[in-house]
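This is a predicted model, so every value here is computed, not measured. Below, chains carry the letters A, B, ... as their sequence lines are ordered, and counting in each starts from 1.
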Amino acid sequence: MIPKESYGCGNINTIPSFQIPDLYEYFYELVKQIPEGSISTYKFLACALGDCRAARAVGQLLKGNPRPIVVPCHRVIMSDGAPGGYAGPHTEKKIALLRKEGVYFQDGRVRDFEGILFRDFETTYPLRTLREEQQRIGQEIVIPEEQHRDFKTVLGLDISYHDREARGAGVLFEEDEVIEEVVVEGRVDFPYISTYLSYRELPVYLRVLEQLKQKGIVPELVMTDGNGILHPRGCGIGAHLYHLTGLPVVGVAKSRLCGTTGEFREMLEFGVDCTGKGIAAEVHYDGNLLGHAFIYNAKKVKNPVFVSPGGGVSFQDGLRAVAGCSRFRLPEPIRAAHRLASRWE
DNA sequence: GCGACAG
DNA sequence: ATCTTGTCGC
C-alpha cells in the first residue's frame, strides 16, 4: 500500500488492489467459458467472481453486455432453472437461442438442469482478494476519541456516470464559501457491486485529490458520498480513502448498507453540541458502534443519512461537521459536488 | 418465505 | 448511479 504521506503522488496502478484486471472484461471472459449446450446461473457466476452474494451485480453486468452472443449471456439462468430475463422483455429470444444449442425447457424450467450446469469456471476469485484486503484495512483503522475539532476547510466528493464514463467532482468549502472546484473525467473499470464501492470510485477520488494537491491544497476534512467504517468489513469508501491518504474522512451515505439503528435522540444528548441542528441514532453492527443515522431537520426531512468516520476524526466530530454544514438532508459540500459532477456537456 | 446490501 | 410518469405530502 502506498504511504499515507504520498497520497495522489503515484500512479494508482501501483496500488495492489488496483492492479486487478478490468473487472468488466474479467466477468465477460468468465461468461465466455460457459460452453454451448450448457447453462450456468447468476449465483455461480457471482461465486466465480469471488462473492456468492453478488448475484444481483451479475444480473446488472449481463444486462450491460456489450457483445451479446459472443459473450453468451443467454446461457445464464436462475438458480431454480427458470430462464430469467433477456434484453428486457425478450425472454422468448433467450429460450430460442438455448433451444438451438440443445438446451430445452419444460414447464418453464431447464430440462436436466443439474446435468448441463456449468460450474467449473477458471478463476482467481478477484472479489475474494479484495474482500481480504478490506478486512485487513478495516482492522487497522482506529477511530480517535472526541477532540472537539473544528475543520476550516471541508472537501465534498461525488461522481456521476454515463455507463462507464465517470465525472468526479470535488468542492472545497471554507466556512460557507466555495473556495475551489475540481473536476476529473475518465473511464471506470470496476462495476458497482455493493460493499466494493471503493474499487469503482476511489481511483477517481484520488485523481481529484491529486489535482487539489497540485494547487497546493490539502483539505482538513473530506466528506465522501458513501460510508466510512459503516461497512461489513469496516472498510467503506471513506475508510479506504483515509487508509490511502491519511486525511480525516467522514462518510455520508443516503441509505443503509448494514447495521441496526437505535432510538433517535436530540444531538445534545449525544454530547454533540448541535442544538437545533438535528437528531441522531447510533448504528451498530456486530455489536460495535460504527456510525450514526442523522436527520438534519426532523420537521422537514424524514429519511436519515448515515454518518460514519473513515478515520482521522471521531464519531462526534464527524457528526458535528456534517450537521454544521447541512442546510437540507445532505451536507452542502456533498450537494455541491453532486451538482458539479452531474454537469456534463 | 427469506433476505432486503453505499453508488 | 441512471432511466423517467404519475403520485404523495408539506
Side-chain angles (χ1 to χ4, degrees), chain A residues 23-24 42-43 46 49 51-61 63-64 78-80 87-89 127 130-131 134 138 156-170 185-205 208 222-242 249-261 283-286 290-295 297-310 322 328-331 334-335 337-344:
Chain A
L23 204 75
Y24 286 95
Y42 298 96
K43 185 169 185 182
L49 276 177
D51 190 336
C52 299
R53 307 197 321 179
R56 257 189 213 164
V58 165
Q60 290 303 307
L61 280 161
K63 186 176 164 188
M78 303 185 81
S79 297
D80 64 0
L127 292 184
L130 298 181
R131 203 162 57 247
Q134 291 178 325
L157 293 173
D158 194 23
I159 305 177
S160 81
Y161 297 92
H162 279 2
D163 297 317
R164 290 177 61 174
E165 296 302 320
R167 197 180 139 91
E185 290 184 1
R187 192 175 169 78
V188 294
D189 59 12
F190 201 98
Y192 173 71
I193 305 174
S194 184
T195 76
Y196 301 89
L197 177 64
S198 58
Y199 297 103
R200 175 174 174 82
E201 302 201 328
L202 224 38
V204 179
Y205 282 179
V208 170
V222 180
M223 283 185 188
T224 55
D225 192 11
N227 291 306
I229 62 169
L230 182 51
H231 178 279
R233 297 171 285 283
C235 190
I237 189 167
H240 205 144
L241 182 61
Y242 167 72
V249 181
V250 60
V252 181
K254 295 182 288 297
S255 62
R256 188 182 58 83
L257 170 63
C258 64
T260 55
T261 302
V283 178
H284 291 256
Y285 183 77
D286 241 24
L290 293 189
H292 293 87
F294 167 66
I295 300 180
N297 179 355
K299 288 178 183 172
K300 189 81 175 131
V301 181
K302 176 167 186 180
N303 296 320
V305 292
F306 294 83
V307 180
S308 61
V322 169
F328 298 97
R329 179 171 177 243
L330 288 168
I334 288 183
R335 295 185 68 227
H338 191 308
R339 277 197 304 273
L340 183 55
S342 304
R343 238 178 262 156
W344 293 75

Protein-nucleotide distance ([X], atom [atom1]; [N], atom [atom2]), rounded to Å:
X	N	atom1	atom2	result
A/Y285	B/dA6	OH	C1'	13 Å
A/E165	B/dG7	CD	P	22 Å
A/Y199	B/dC5	OH	P	21 Å
A/D158	B/dG7	CG	C1'	8 Å
A/K63	C/dC3	NZ	C1'	9 Å

Side-chain N,O ([X]) to OP1/OP2 ([N]) below 4.0 Å:
X	N	answer
A/Y161	B/dG7	no
A/H338	C/dA1	yes
A/R56	B/dC5	no
A/S255	B/dG7	yes

Classify [X] by what it touches in the nucleic acid, base, sugar-phosphate, or nothing, heavy-atom distance under 4.0 Å.
X	result
A/L230	nothing
A/Y196	base
A/D225	sugar-phosphate
A/H162	nothing
A/R53	base

Q: Of all the heavy-atom pairs spanning A/G238 and A/T224, show the shortest one and how long it is.
A: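 Scanning both residues completely, I find the closest heavy atoms to be CA-OG1, 3.7 Å.
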
Q: Over all heavy atoms of both residues, which pair between A/V252 and A/P331 is shortest? Give the atoms and the distance, please.
A: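 Between these two residues, the closest heavy atoms are CG1-CD, 4.1 Å.
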
Q.
Would you say the ring centers of A/Y199 and A/H240 fall short of 6.0 Å from each other?
A.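 So the answer is yes for these two rings.
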
Q: Indicate whether any N or O donor in one side chain lies under 3.5 Å from an N or O acceptor in the other, for A/T195 and A/R233.
A: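 A pair is found: one side chain offers a donor N or O, the other an acceptor, under 3.5 Å apart.
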
**Q.** Strand DNA chain C in bracket notation, Watson-Crick/G-U under 3.5 Å with | for pairs to another chain
**A.** ..........

Q: Report the residues that fulfil side chain to side chain donor-acceptor pair (under 3.5 Å) with A/R131, sequence neighbours left out, ordered by chain and then residue number.
A: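 Side chain to side chain donor-acceptor pair (under 3.5 Å) list for A/R131, sorted by chain: A/Y196.
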
Q) Should A/D158 and A/R335 count as an ion pair when the cut-off is N to O under 4.0 Å? A)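 Here A/D158 does not pair with A/R335 in a salt bridge, since their nearest N and O are not under 4.0 Å apart.
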
Q) Taking the side chain of A/S160 as its heavy atoms from C-beta onward, which of C/dT2, B/dG3, B/dA6 lies nearest to it? A)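 Ranking C/dT2, B/dG3, B/dA6 by closest atom to the A/S160 side chain puts C/dT2 first.
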
